[in-house]
Amino acid sequence: MELSTKELLKWSAEVKLRQKSKQEARFEHGHRMCAGCGAPTVVKMVLMATEYPVVVSNATGCLEVSSCIQDYTAWKVPWIHTAFENAAATLAGVETMYRALRKRESGKSSPAENVKFIAFGGDGGTYDIGLQSLSGAMERGHDMLYVCYDNGAYMNTGIQRSSATPLGADTTTSPIGSANPGGKLQSRKDLTRIMAAHGIPYAAQASPSHWLDLMTKVKKAHEIKGPKFINILSPCNRGWRTATDNSIEISRLAVETCYWPLYEVEDGKLRVTVIPEEKKPADLFLKPQGRFKHLFAPENEAFLKKVQGEIDRVWEGLLKESAASAETGNRAG
Amino acid sequence: MGKIVAVTGNEAVANALRQADPDVCSLYPITPQTDIVQRFSSFVSNGVVKTELLNAESEHSAMSAAIGAAAAGGRVITATSSQGMALMWEMLHIASGMNLPIIMPLVNRALSAPLNIHGDHSDGMGARDTGWIQLWSESAQEAYDNTIMAFRIGEHMDIRLPVMVCMDGFIVSHSIARMEYLEDEEVKNFIGPYAPKNPLLDIEHPKSFGPLILTDLYHEYKRLQHEIMGRVKGVALKVSDEFAKISGRKYGLFEAYRLEDAEIALVILNSAAGTSKDVVDELRDKGIKAGLLKPRLFRPFPYEEVGEALAHLKAVCVMDRADSFGGYGPMFMEISSAMYQNVGTGRKPKLINKIYGLGGRDYMPHDARQVLLELHEIAGGAPVRVVKEYIGVRE
């Protein structure tokens, strides 16, 4: 790591969101994301967390179609979009060219030092159609950070289920109906763990409600050479059928109910970074969302229990693993 | 002065790529192209080139990475065949739409199903409308020469488009032929250093690549692509003139073989043109005025020049090593379009179309002879029996 753990802790302790928000924005206002969308907040936080020059690759999706429409762009950093399934492969190409040109040291035309490479993709472009491209880029060891803004469905095309869609969600391609009162019948793919299983130096899960946790993770990721992956919850009021003024509140509930655990896997060691003081029942996260309304009908009682059971199972597993890594760490230390 | 060697088409092309010393090579193996990227990887491992290799996990990612690398601001190569090109198809349009001069040898191979690894032109013809410049090559020498010239054409500041250099799978890619290499230094000077245009890595001047463009401007963008393609012929000829000075080999938009005083002719691409030229000679010896036209620049297609070159003929057979099922062969459609401008002037030969050599089926001298003799009859007044027909079929 270029920045020591001590320096990172110092940065976390001193950083102020108000002060951060005064620095020049690298993702500007004027984009056309929906009112109340979580994604622009996520992008701002990610870009705010580093002072290094960055180059961004963006998968096709809400963020991409709403942030760069000829002749306007909300991006004040170099930005490239090529297609849906390949934000990772595209950025891998950019990063490889960066290394090639730096190696040639062609003087004046040589690119700047310490450029960081960030890819942004939604869950459709990351969990589903872009998984192969992402997996390949991680395996090849490109020095890049892939950020998935996970809103749990194909929102850009109109709320179709993806492999990130949670169990029980009502989407336009897993709609509730007389023959299917449950909505989506399958559990989410655990992508963060899948990425960690690639043996990459850093994988994490974050939420915009816990901005310091999120920004510290991004900051840390940029100090690590090699491929990094951060999965960030990104509320979508259109798809989740929530109000337009509560994306931070709803993402906080996702963390407090342990639906969206905050953790990191660094060099194979898992650490839960935020443990809620009191683990709230899943209902508190599910109930405000129209996509889960049917789960509260009496006939879906068992299904609702299954949803809670799933959350508990994953959370307990993470806690156990986190404790085990801490213990190994202590012993080693 | 060049060096005479006996090499395969793949080896020749790999050496042209080595001499260009690109910044990034993204790659993925596929028969019969694999040999090119293997050889190139070995150049990298042995420090013969300064290139960074990117071993992609699919051709889709290989082309995506090539696009990212080219946008970043350096010289980029990759290579593919058949299914690989089919998987890249989405990204081929994006490479050309973003004006990125990526150079890609395409070792022509049949498309599945049924699965077949041998040479035909289905892959290249399927990429016809992707906005790439296409150069086709008869031999290892032509594939080598075209690869070198491709850098100059694609990277030309008035063009900035990706170029695919096509050669026949196995027949050329894996057959050893006598050819001439140019000196490394000569090629280096001929191609010159890469000149970036709006590089993404220019951090001080951020650019946005790949915006959303809707009904207000998309149409204009596409017309611009059309206009840029219109400049390619001129640049290709100029590059060819310069290339002739260092190599002694002169290339046109197409090759006209004994065509000037011919009455009948074949239009035929790539390696099969070589076989056909022998038969043209044989018939000439018998007093039949046969000739041949071998397209080189297929995209953009030189309609006017080809139309003019074939106008005086009595009968022409367009030979297609690919089919557009339910339509005529893809080359036949081009030649028909080229000839249509001559309607009303009387300068229009009778046209027939033969589909040959799919999936690597041998194309033999007797195939060429049979077709030319049929043309001879048509030229003598016999009616056209059938416009499109498969030849060399096992019944």
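Just so it is clear, the values below take in all heavy atoms, side chains as well, and ignore hydrogens, waters and symmetry mates. Residue numbers begin at 1 in each chain, while the letters A, B, ... track the order of the sequences.
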message: Before you tell me yes or no, could you show the steps for B:Phe40 and B:Ile77 under side-chain contact (heavy atoms from CB on, under 4.5 Å), namely the whole-Å CA-CA distance, both residues' side-chain angles and the distance that decides it to 0.1 Å?
response: CA-CA 10 Å; B:Phe40 197 84; B:Ile77 60 158; 3.9 Å; yes

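- Contact of B:Leu200 with chain A is made through backbone and side chain together, with heavy-atom distances under 4.5 Å.
- When side chains are defined from C-beta on, A:Leu134 counts as touching A:Phe229, because their heavy atoms get closer than 4.5 Å.
- Each of B:Ile102, B:Leu106, B:Leu135, B:Ile133 was checked for a side chain to side chain contact (heavy atoms under 4.5 Å, CB included) with B:Met164, and the lone residue meeting it is B:Leu106.
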task: List the steps and the verdict of salt bridge (Lys or Arg N to Asp or Glu O under 4.0 Å) for A:Asp150 and A:Arg188.
output: CA-CA 11 Å; A:Asp150 182 346; A:Arg188 307 174 62 247; 2.8 Å; yes

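- Residue contact with chain A, scored on non-hydrogen atoms closer than 4.5 Å, involves the side chain of B:Ile94 exclusively.
- Contacts of B:Met63 with chain A are absent, with no heavy-atom separation under 4.5 Å from either backbone or side chain.
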For chain A and chain B, give me every donor-acceptor pair shorter than 3.5 Å, distances to one decimal.
| from | atom 1 | to | atom 2 | distance (Å) |
| --- | --- | --- | --- | --- |
| A:Cys68 | O | B:Leu212 | N | 2.9 |
| A:Gln70 | N | B:Leu212 | O | 3.1 |
| A:Gln70 | NE2 | B:Tyr221 | OH | 3.4 |
| A:Thr73 | OG1 | B:Ser208 | OG | 3.1 |
| A:Trp79 | N | B:Lys207 | O | 2.9 |
| A:Trp79 | O | B:Phe209 | N | 2.7 |
| A:His81 | N | B:Phe209 | O | 2.9 |
| A:His81 | ND1 | B:Gly210 | O | 2.8 |
| A:Glu85 | OE2 | B:His60 | NE2 | 3.0 |
| A:Asn86 | ND2 | B:Ser64 | OG | 2.8 |
| A:Arg99 | NH1 | B:Glu52 | OE1 | 2.9 |
| A:Lys103 | NZ | B:Lys50 | O | 2.7 |
| A:Lys103 | NZ | B:Glu52 | OE2 | 2.9 |
| A:Arg104 | NE | B:Asp23 | OD1 | 2.6 |
| A:Arg104 | NH1 | B:Asp21 | OD2 | 3.4 |
| A:Arg104 | NH2 | B:Asp21 | O | 3.1 |
| A:Arg104 | NH2 | B:Asp21 | OD1 | 3.4 |
| A:Arg104 | NH2 | B:Pro22 | O | 3.1 |
| A:Arg104 | NH2 | B:Asp23 | OD1 | 3.4 |
| A:Gln132 | NE2 | B:Ser58 | OG | 3.3 |
| A:Arg140 | NH1 | B:Asn55 | O | 3.3 |
| A:Arg140 | NH1 | B:Glu57 | OE1 | 3.1 |

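- Between B:Pro105 and B:Leu17 there is a side-chain heavy-atom pair separated by less than 4.5 Å.
- Side chains of A:Phe120 and A:Val46 form a contact here, defined as non-hydrogen atoms less than 4.5 Å apart.
- For A:Leu91, no part sits under 4.5 Å from any heavy atom of chain B, backbone or side chain.
- Comparing B:Ala69, B:Gly97, B:Ala72 by how many heavy-atom pairs each has under 4.5 Å with chain A, the most go to B:Ala69.
- Proximity to chain B involves both the backbone and the side chain of A:Val65, based on heavy atoms less than 4.5 angstrom apart.
- Within the 4.5 Å cutoff, the side chain of A:Val77 has no heavy atoms near those of the A:Val55 side chain.
- Interface remark: B:Ala71 contributes side-chain atoms only to the contact with chain A (heavy atom separation under 4.5 Å).
- Chosen from A:Ala83, A:Ala88, A:Ala112, the residue pairing most often with chain B at heavy-atom distances under 4.5 Å is A:Ala83.
- Side-chain contact, A:Tyr127 with A:Asn231: a donor N or O sits under 3.5 Å from an acceptor N or O.
- Listed by chain and residue number, B:Phe243 satisfy the ring-ring contact (aromatic ring centres under 6.0 Å, His included) test with B:Phe190 (two or more places apart in sequence, or in another chain).
- Residues A:Met48 and A:Ser21 are in side-chain contact: their nearest non-hydrogen atoms beyond the backbone lie under 4.5 Å apart.
- Highest contact tally toward chain B, considering only A:Gly136, A:Cys68, A:Pro53, A:Ala137, is held by A:Cys68 [criterion: heavy-atom pairs under 4.5 Å].
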